[in-house]
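First comes the structure, then the notes that go with it.
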Amino acid sequence: MGEREWETRSSMLPQCCARVEPDRLHVLEVSQGLIEFMQKTEEETKAYLSQPFEKLVHPSDLPRLAWTLQQAAANPAWIQHALLRTPIDIHKPEVGYYWVFVTIVSRPDTDGEPLFELGFTDTTAETRRLEASRREVSHMDEQVLNVLNAVRPALFWKDKNQRFLGANRSFLDFYGFADESIVLGHTNEELGWKDNLDQYYADEMHVLRTGGSVHRAVLQTRGDGEKRWIDTFKNPLYDADGNIVGLASAFTDITMEMKTRMEIQELNAKLTKSMEMLKRASEVEKEFFANISHDMRTPMNAIVGFDKLALETKDEEKREAYLLKIQQSSKLLLQLINDTLDISRISSKKAKMEPHVVDTNHFLESITDTIRATAVTKNVIFHTDLDFDGVQSISVDHVRLTKILMNLLSNAVKFTPTGKDVWLLGRCRREKGSKKATLHFEVKDNGIGMSKEFLPMMFKPFQQERVTSNGTGLGLSIVKGLIELLQGTIACESAPGEGSKFTVDLPVEIAEEQKRKKKQQDTPLGILKGAHILLCEDNELNQEIAVTFLQLQGMVVDTAGDGQVGVSTFDNSDPFFYDAVLMDIRMPVLNGYEAAEGIRHLDRPDAPSVPIIALSANAFEEDVKKSHEAGMNAHLTKPMDMKIVCDTLARLIYAYRMKQDALA
């Protein structure tokens, strides 16, 4: 700002132009009016006003001056005011301090640095009169003021022009003001407040114009910059004639209450969401069991119906056909039960990964051999393209991977017409410099495909776009759950008449190359002829079925109707009389676990090593684990697959007898 321009604007007023240094003003220009006001020369006036602040202002007014200068610097072009005591004793030496009303405006210089314009008004006489009036305030009024300063709510009052007339200690502390003189005579805007400025102006004008009240909760910034919630009330002030002359306002810090209210609202929202999820889960559960009931009744209806027909017919050829249909329906029912158990394991989070080191050259042989045989039967062409980039061994949950690929490939063959193709592509993508890798599989076919509308639903239980007589609608749901268990991903592309492509990616670890074990020779089933078996089974029908099957293989079978009888029967036999024990789990007196432990703890030479095989409807992984912990050698599930039962018995009895021979 040039000298001539400033002089032109303010030469007749008591004003000066200055820069602010840490402890003083550096006065650049003074007006003629200020020179006359000070009764000094221009240079003397500049020098006097450039003294340190403590020589210009009463010590108790220094905080107010510092705060006013800070506000002027922070809010350029906003007018700031301060009523200060200054020891100007030029023309009235009998007065110790003058009261001067200072107006401060901050404006940028031509080089961008802030300049301060200060205007001065001598208010000594008016201030002295005001002080005298204040001294005349009654003792009761002083007590009222003390009460206002003692109360918790912040209080302030304004005139009709929305300028502050007073405030209590809580208000000043909330905004960090040293005393009320900082706000007296100012509006919100002049104090540099910006939070809710328009709203406050509208609320105060409503009170002043209508005489109404306003209640509002707002977020406000304190003097230290912290955001706080306040609950504010505004009411009109009246004179003796009933005219509105101002307003009074009170507010309380309700930040903790608002936080609590918000937390309660958040908890209510979470609770509502949880209730909705529980309701949906209940509906899904009902739908799930309704579907299971329906799908189980379908094969069960066939079993009951054909069983009745088989009993009534005298035609042997028809009877055989009925029995074959009963067998087919039984297999479908068993598949549904097994699939339901898989879904239950996955959804209950009880299933866990069980990785094993496998040889990549051979770990898919059982899958490809099985699918190729199925494809040949249907006259579908099965192609494989498996290239694992030289990786010899990986650590992977081979059982779960087998189930995933078997489900996908079985579906591909099932829904691919005769003469069409099914492909299995497999790759191993290694991470550079790491043992981590990704198994990538693609199962493709050029079969009937799926509609766009069905694709989002295909991984949900019991969803089938085309209902078949040999499917449960659970296969893809199991696939999805197992892939998520293995921390992998699956994607599908399909269109009607164009086939389907499923892409599976599973994280694995590259393992050290394993020496491939020679395939163990099957134990001859002839070893079972004459073998003595103790069958512990409380259900008479299951007992009869098992005894009949075992006797057909030439075994000699003794039975026990509960676990305690089973332990006693074994204990009363000659050492090494029984070659194996088949143990049901759910039995009276002693269950299968307790009975197995009882046999293992008997004081006889064959008790620690006699093969004990669980034969139970309990098919979860934890059931298998409990069987092994109880001392059993194997865990087979019902309904019995007699080939698996005989193979297991032959293997364990062979090892048991070899051990006996070694000890003899």
Side-chain angles (χ1 to χ4, degrees), residues 1-92 95 97-127 163-164 177-179 181-187 189-192:
M1 177 178 295
E3 179 181 352
R4 182 177 301 172
E5 177 186 355
W6 188 83
E7 286 287 350
T8 300
R9 292 174 54 194
S10 55
S11 60
M12 299 309 296
L13 299 174
Q15 292 184 337
C16 73
C17 176
R19 296 188 188 277
V20 175
E21 296 180 356
D23 64 339
R24 70 185 69 205
L25 295 174
H26 177 61
V27 179
L28 303 175
E29 301 290 343
V30 294
S31 68
Q32 186 61 36
L34 183 58
I35 294 172
E36 294 174 359
F37 174 75
M38 297 287 294
Q39 297 183 8
K40 294 177 181 287
T41 66
E42 179 179 351
E43 293 304 319
E44 288 174 340
T45 301
K46 289 182 181 180
Y48 186 86
L49 295 176
S50 297
Q51 296 181 91
F53 290 134
E54 61 265 20
K55 292 186 177 182
L56 287 177
V57 178
H58 191 282
S60 62
D61 291 344
L62 285 172
R64 191 180 330 132
L65 175 61
W67 186 89
T68 305
L69 290 171
Q70 290 171 2
Q71 291 298 308
N75 301 280
W78 282 40
I79 299 175
Q80 309 292 327
H81 303 284
L83 187 62
L84 305 170
R85 285 167 288 181
T86 180
I88 301 176
D89 56 0
I90 302 303
H91 54 288
K92 293 182 181 178
V95 180
Y97 283 91
Y98 281 110
W99 282 99
V100 178
F101 189 76
V102 182
T103 302
I104 304 174
V105 180
S106 172
R107 303 185 186 280
D109 195 355
T110 53
D111 58 358
E113 295 296 324
L115 288 175
F116 290 83
E117 294 180 13
L118 292 84
F120 304 89
T121 304
D122 183 357
T123 63
T124 304
E126 292 83 352
T127 304
R163 295 185 177 278
F164 281 92
F177 296 139
D179 57 61
S181 64
I182 296 173
V183 300
L184 291 179
H186 294 304
T187 64
E189 188 175 9
E190 289 170 350
L191 290 170

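Please read these numbers as outputs of a predicted model, since none were measured by experiment. Count residues from 1 along the sequence.
- Put simply, the side chain of Gln51 gets close to the backbone of Tyr48: a donor and an acceptor are under 3.5 Å apart.
- No side-chain donor-acceptor contact under 3.5 Å links Ser106 to the backbone of Phe116.
- Annotation: side chain of Arg19 is in contact with side chain of Leu115 (closest heavy-atom distance under 4.5 Å).
- Nearest approach of Ile182 to Arg64, heavy atoms of both residues: CG1-CG, 3.7 Å.
- Interatomic distance, Leu49 CG to Lys55 NZ, rounded to the nearest 0.5 Å: 14.0 Å.
- A donor-acceptor pair under 3.5 Å is absent between the side-chain atoms of Gln70 and the main chain of Trp67, judged by distance alone.
- A donor-acceptor contact shorter than 3.5 Å links the side chain of Glu190 to the backbone of Thr187.
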May I have the step-by-step check of side-chain contact (heavy atoms from CB on, under 4.5 Å) for Thr121 and Trp99, ending in yes or no?
-> CA-CA 9 Å; Thr121 304; Trp99 282 99; over 6 Å; no
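- A donor-acceptor contact shorter than 3.5 Å is absent between the side chain of Lys46 and the backbone of Glu29.
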Chi angles and distances behind the side chain to side chain donor-acceptor pair (under 3.5 Å) call for Arg24, Ser50 = CA-CA 6 Å; Arg24 70 185 69 205; Ser50 297; over 6 Å; no
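- Under the 3.5 Å distance criterion, the side-chain polar atoms of Asn75 are matched with a main-chain donor or acceptor of Gln71.
- The shortest side-chain heavy-atom distance between His81 and His186 falls under the 4.5 Å cut-off.
- More than 12 heavy atoms of other shown residues, nucleotides or ligands fall within 6.0 angstrom of atom CG in Leu191.
- Between Leu65 atom CG and Gln80 atom CD the span is 12.0 Å, to the nearest 0.5 Å.
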Could you go step by step and tell me if Val57 and Thr86 meet the side-chain contact (heavy atoms from CB on, under 4.5 Å) rule?
-> CA-CA 5 Å; Val57 178; Thr86 180; 5.5 Å; no
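- Two residues are said to be in side-chain contact when any heavy atoms from C-beta on lie closer than 4.5 Å; Val100 and Thr123 fail this criterion.
- Contact of the Lys40 side chain with the Ile35 side chain is not registered, since no non-hydrogen atoms from C-beta on lie closer than 4.5 Å.
- The backbone N or O of Cys16 sits nowhere less than 3.5 Å from a side-chain atom of Ser31 that would complete a donor-acceptor pair.
- In this structure, the side chains of Leu118 and Gln15 stay at 4.5 Å or more apart for every pair of heavy atoms.
- The shortest distance between side-chain heavy atoms of Val20 and Leu25 falls below 4.5 Å.
- A donor-acceptor distance shorter than 3.5 angstrom exists from the side chain of Asp61 to the backbone of Arg85, with no hydrogens or angles considered.
- Side-chain contact between Leu13 and Phe120 is absent, with no heavy-atom pair separated by less than 4.5 Å.
- Contact between Phe164 and Val183 at its shortest, heavy atoms only, is CB-O, 3.2 Å.
- Side-chain contact between Leu84 and Val102: present, with at least one pair of heavy atoms (C-beta onward) separated by less than 4.5 Å.
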